[in-house]
Every structure is written in structure tokens, then in C-alpha cells.
Amino acid sequence: HERRMFGIVDIKCVSPVAPTSSHSVLSVLSGVWSAQALEMSVGKIPFLEAVNGSTVMLPCIYSSCIGIKNLYFNWQFNDNGTMQRVCESVIASEEVVPDVSIYRDRVEFVGKNHEHNISILLWNITFEDQGQYTCFGRNPKEKGKNHSAIFTLYVVDELRVVDNTLTIMIASAVGGAIALLMGFMLLKNFTLFVLAKLEENNKECLVTSSGIDNTENGLSGSKADTKSTPKKK
């Protein structure tokens with residue numbers, strides 16, 4: 001299968017389909033051999049910040065959809081523009097553990113070939129170990145094409161402590177605003193409750209006062225109406 005994007009043809013590794021002609025066979029083989037089947041990867045995060053004197057691992061794995069045979073790989077260190085070999089080896093096949101040559105002090109190969117892992121350890125790192133490390137690979141089955149990935153190591157006196165002051169201030173401000181809003185709502189409800197009670201008391205007072213006034217003024221419905229007028233003989 002082919003996927004065309006921005007004018008680049010990306011050929012994936014698939015099971016071969018029976019060709020219909022010798023020309024098709026040549027085309028398929030040509031496409032497979034020209035594809036960059038071998039890939040070198042140092043992971044999703046291609047850098048590391050480590051403390052001076054610590055031990056770190058520089059990760060690298062390889063993959064190939066057409067398999068490997070006598071895969072050559074090495075690690076190189078960029079020393080102010082000059083590439084220095086760290087280690088190198090040849091992997092005869094995926095079942096063979098490589099015999100790795102080390103050219104730099106405090107370096108250990110920790111890769112496992114059955115996992116396509118060719119990572120290395122740097123022991124007791126110093127500030128001189130800071131810089132770019134290149135994981136390089138070449139698979140003869142691809143007619144000598146070169147592939148590489150870069151990993152950057154930063155060496156510091158101590159790891160930076162994240163300042164959470166701003167986060168705490170924001171959280172405190174938000175919490176204070178919520179508390180203030182809740183207090184305002186409680187005060188509002190209490191005030192409305194008090195006003196309702198006062199209004200209810202005022203209504204009761206008005207009814208009581210109206211009854212008293214009617215009695216004193218001798219109006220209809222008052223006690224004054226209960227007395228009958230004496231008859232003259």
C-alpha cells in the first residue's frame with residue numbers, strides 16, 4: 001500500500017501480493033529496498049535533565065519491517081562539533097547478543113537484542129558529559145542506508161524545584177471568592193427571613209389595632225352596640 005502526502009511516497013510493510021508480471025515484481029522490490037525500513041528511536045522525550053554525579057540511561061531502540069542482518073550500530077557524542085565514538089557493535093541477527101566495544105569511560109551497554117534495545121548507561125555523570133548523543137544504525141539489507149536519532153543530556157547541580165506560590169495564590173483567591181459568595185447568600189436569605197417575620201408581625205399588629213379602635217369609638221361590631229337604649233315610660 002502507498003500513502004502519498006506532500007509529494008512523498010510512504011510505503012508500509014505488508015504481506016506480499018502475487019504480482020501479475022515481471023515488471024510488477026521489479027517495481028515492488030524496488031519500492032521495498034528504497035523504503036527506509038530501519039528506524040532508530042530514543043523515545044517520545046528526546047532529552048533528560050540529570051544531577052551531576054548521578055547515573056542515567058540513554059535510551060535507543062531499533063525496528064525494521066524487513067528484518068536485519070549484520071546491523072551496524074553505534075553511539076556518538078557531539079563534543080563541540082567533533083563526533084566521538086562512545087560504543088559500537090554489529091548485530092548478526094535478532095537472536096544474537098552483540099559484543100559491544102566501549103570507547104568512553106563510565107559507559108555500560110544495557111541493551112537487549114531480543115527487544116531491539118541498544119540503550120547505554122552513563123555512570124557518575126559530570127558536566128563534561130552534557131551534550132548531544134546520537135544513536136546510529138545501518139542495515140546492509142537496505143543497501144547501506146543510514147539512520148539515526150539524537151538524545152540530549154543536560155547536567156545540573158540540582159534539579160529545579162517547581163514554585164507553586166502562584167498556584168497557591170490562585171487557589172486561595174478562588175476559595176476566598178467562593179466562601180464570600182456563600183456568606184453573601186446566607187446573609188441574604190437570613191435578611192429575607194427577618195423581613196418576612198417583621199412584615200408578618202406588622203400585619204398582626206394592624207389587625208389588633210383595628211379591633212381596639214372600633215371598640216373605643218363605638219362603631220358597629222364593638223361592645224357599645226351590645227347595650228340597648230332605655231325605653232321611656
Side-chain angles (χ1 to χ4, degrees), residues 1-8 10 12 39-61 63 110 112 115-117 119-127 129-135 149-233:
H1 297 284
E2 294 185 359
R3 182 181 62 201
R4 298 179 180 273
M5 184 180 296
F6 304 110
I8 300 176
D10 180 17
K12 294 183 177 180
E39 292 184 1
M40 314 296 289
S41 173
V42 293
K44 295 182 179 180
I45 304 178
F47 64 88
L48 175 67
E49 187 175 273
V51 178
N52 180 32
S54 62
T55 297
V56 298
M57 183 181 73
L58 306 186
C60 185
I61 59 174
S63 61
V110 294
K112 297 180 179 179
E115 297 177 357
H116 298 182
N117 189 336
S119 305
I120 59 174
L121 277 183
L122 298 184
W123 291 87
N124 301 324
I125 60 173
T126 66
F127 291 103
D129 295 321
Q130 177 172 285
Q132 291 183 339
Y133 291 81
T134 301
C135 180
I150 297 176
F151 190 88
T152 304
L153 174 65
Y154 300 97
V155 182
V156 296
D157 283 322
E158 59 183 11
L159 295 179
R160 291 173 293 181
V161 178
V162 179
D163 188 1
N164 294 322
T165 303
L166 181 60
T167 303
I168 295 174
M169 291 177 61
I170 294 175
S172 300
V174 173
I178 294 175
L180 182 62
L181 179 61
M182 292 180 64
F184 173 77
M185 295 300 296
L186 290 174
L187 180 61
K188 177 182 178 182
N189 292 335
F190 178 75
T191 303
L192 292 176
F193 174 77
V194 172
L195 291 176
K197 285 295 184 181
L198 291 175
E199 184 176 358
E200 182 178 349
N201 292 336
N202 289 335
K203 289 182 179 179
E204 292 179 356
C205 289
L206 288 175
V207 172
T208 303
S209 298
S210 177
I212 294 174
D213 292 341
N214 289 340
T215 302
E216 292 176 349
N217 296 327
L219 297 178
S220 176
S222 66
K223 292 182 179 179
D225 294 337
T226 60
K227 298 180 179 180
S228 58
T229 305
K231 294 181 180 181
K232 296 180 178 180
K233 295 181 179 180

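One is the number of the first residue; the rest follow in order along the sequence. A quick note: this is a predicted structure, and the numbers were derived from the prediction, not measured.
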- Item | From M185 atom CE to K188 atom NZ, the distance as rounded to the nearest 0.5 Å | 5.5 Å
- State, to 0.1 Å, how close V51 and V155 come at their nearest heavy-atom pair, and which atoms those are. C-CG1, 4.5 Å
- Query: Would a 4.5 Å heavy-atom cut-off, applied to side chains only, mark P46 and T152 as touching?
  - Reply: no
- Minimum side-chain heavy-atom gap F151-P59 below 4.5 Å: yes
- Locate the shortest heavy-atom distance separating S41 from G43; write the atom from each residue and the value. OG-N, 3.2 Å
- Query: Roughly how far apart are I125 CD1 and N52 CG, rounded to 0.5 Å?
  - Reply: 6.5 Å
- Message: Would you say CD of E158 has more than 12 non-hydrogen atoms from neighbouring residues, nucleotides or ligands within 6.0 angstrom?
- Response: no
- Message: Counting C-beta onward and ignoring hydrogens, is there a side-chain heavy-atom pair between V42 and L58 closer than 4.5 Å?
- Response: no
- Note on the structure: Interatomic distance, CG@L181 vs CD1@I178, rounded to 0.5 Å, equals 8.5 Å
- Item | Side-chain heavy-atom pair F127, D157 within 4.5 angstrom cut-off | yes
- Q130 vs L153 side-chain heavy atoms within contact, under 4.5 Å: no
- Go through E49 and L159 one step at a time and tell me if the side chain to side chain contact (heavy atoms under 4.5 Å, CB included) criterion holds. CA-CA 8 Å; E49 187 175 273; L159 295 179; 4.0 Å; yes
- Give, for atom OH of Y133 and atom CG of L122, the distance between the pair rounded to the nearest 0.5 Å. 5.0 Å
- Polar side-chain atom of D129 near backbone of T126 as donor-acceptor pair, under 3.5 Å: yes
- Closest contact, heavy atoms only, C60 versus S119: N-OG, 3.1 Å
- Query: Can you name the closest pair of heavy atoms from A149 and M40 and give their distance?
  - Reply: CB-O, 3.5 Å
